[in-house]
Protein chains: 2
Amino acid sequence: MSKPPTENMARSTKQRTAILELLESDDAFRSAQDLHAILRESGSKIGLTTVYRTLQAFADAGMVDVMRLPGGDHLYRLCGAEEHHHHLVCRSCGKTVEVAGPTVERWAGKVAAEHGFTDVGHTLELHGLCASCSK
Amino acid sequence: MSKPPTENMARSTKQRTAILELLESDDAFRSAQDLHAILRESGSKIGLTTVYRTLQAFADAGMVDVMRLPGGDHLYRLCGAEEHHHHLVCRSCGKTVEVAGPTVERWAGKVAAEHGFTDVGHTLELHGLCASCSK
DNA sequence: CCTAGAGATGACAATCATTGTCAACACCTA
DNA sequence: TAGGTGTTGACAATGATTGTCATCTCTAGG
């Protein structure tokens, strides 16, 4: 993928700026609803629809990582890396570590080939308790 | 886990039998809604609520595998293996192959340890085009 | 065989994140 | 500064899943 980061965002608005700043100040995954609530508490009049659309645009542009909760909710997090990677998330505090998984990529390709599958992609997530929350 | 397959199912009813038979006759993942629709077409008067509850019970009992679609929907499939495993699913026809991933398990444990995480679990899914659908 | 009661069912309402709609608005360039 | 175009936001709609509760049906005991 080589999309320019702004492909889906022709303009710069205060709403987008606000969302971006909020994401920059937090390194855990947040839901659209959470972000919207936080912005409203901060005095912003931003609409929920806008938060959803903006986050999707960010995601399409590769500016944020998207993750799905068991319940099906979407969580977003700022992400600079262009590279393919996975996440190790603390299920207690939400702290997230980005992890490269060349081993897994190779394994996935091999297994897929063995079964005659082509054009194979994968989703992988690790969740546990971080060092602090383990105590 | 060593739950008996019937832990959450004290009784045997025609509804459960019907769902089980339907699952046995199909080796692809199906949604609760799909199964319900099929059963209704077959003349059954089964309720949607019952299909959901039964599938959940089956899942709790470890009799079926559960998978989540990008949209957040739940898909179910009969599964005999007690062992932990992953799925290689054809995104065209739904054909599914169960895959053991000792390599991945080991990798996950190592990565988690490196970052001080404990009690780590993971979710992994492979999706591509099967041999037939690749043509 | 009959009966009681715990477990199971199903119609319906409720939930809730997400998406669609569309008129009003704000950004940016000329 | 003006205008057109991308954006916004209030609101309705969607759709899968879950909650509720009166009714039903297994199944064991008599």
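Chain naming here is simple, since letters A, B, ... match the order of the sequence lines and numbering starts at 1 in each.
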Item to check | Phosphate OP1/OP2 of C/dA26: any A/Arg11 side-chain N/O under 4.0 Å | outcome: no
Checklist entry - What's the NZ-P distance between A/Lys45 and D/dG9, to the nearest Å? => result 11 Å
Checklist entry - Do B/Tyr52 and B/His36 have ring centroids that are under 6.0 Å from one another? => result no
Item to check | Verdict with supporting geometry, A/His86 and A/Thr123, side-chain contact (heavy atoms from CB on, under 4.5 Å) | outcome: CA-CA 8 Å; A/His86 303 291; A/Thr123 59; over 6 Å; no
Item to check | Identified side-chain contact (heavy atoms from CB on, under 4.5 Å) partner of B/Gln15 from the options B/Val51, B/Leu20, B/Ile46, B/Leu39 | outcome: B/Ile46
Next on the checklist: Could you tell me how far apart B/His36 (NE2) and C/dG10 (P) are, to the nearest whole angstrom?
Outcome noted: 8 Å
Checklist outcome for this item: Atom CD1 of B/Ile19 and atom C1' of C/dG10 are separated, to the nearest Å, by 12 Å
Item to check | Between P of D/dA16 and CZ of B/Arg30, the distance in whole Å | outcome: 16 Å
Checklist outcome for this item: Whole-Å distance, A/Ile46 CD1 to D/dA10 P, equals 10 Å
Checklist entry - Expressed in angstrom and rounded to an integer, what is the separation of B/Arg68 atom CZ from C/dT18 atom P? => result 13 Å
Next on the checklist: Just N and O in the side chain of B/Thr50: are any of them under 4.0 Å from OP1 or OP2 of C/dG10?
Outcome noted: yes
Item to check | B/Val97: hydrophobic cluster co-members (side-chain, 4.5 Å) | outcome: A/Leu88, A/Val97, A/Val99, A/Val104, A/Trp107, A/Val111, A/Phe117, A/Val120, A/Leu124, A/Leu126, B/Leu88, B/Val99, B/Val104, B/Trp107, B/Val111, B/Phe117, B/Val120, B/Leu124, B/Leu126
Item to check | Side chains of A/Glu105 and A/His122, donor plus acceptor under 3.5 Å | outcome: yes
Item to check | Ion pair A/Arg77/A/Asp26, N-O distance below 4.0 Å | outcome: no
Next on the checklist: So, OP1 or OP2 of D/dT8: does either fall under 4.0 Å of a side-chain N or O from A/Thr13?
Outcome noted: yes
Checklist entry - Which letters describe nucleotides 17-23 of chain D, given B = protein heavy atom under 4.0 Å from base, S = only from sugar-phosphate, - = neither? => result BBBB---
Item to check | A/Gln33/A/Leu48 under side-chain contact (heavy atoms from CB on, under 4.5 Å): CA gap, chis, key distance, verdict | outcome: CA-CA 7 Å; A/Gln33 306 264 356; A/Leu48 182 54; 4.1 Å; yes
Item to check | Nucleotide C/dC27, atom P - distance to CD of A/Gln15 in whole Å | outcome: 8 Å
Checklist entry - Tell me: CG of B/Leu55 to P of C/dA8, nearest whole Å? => result 15 Å
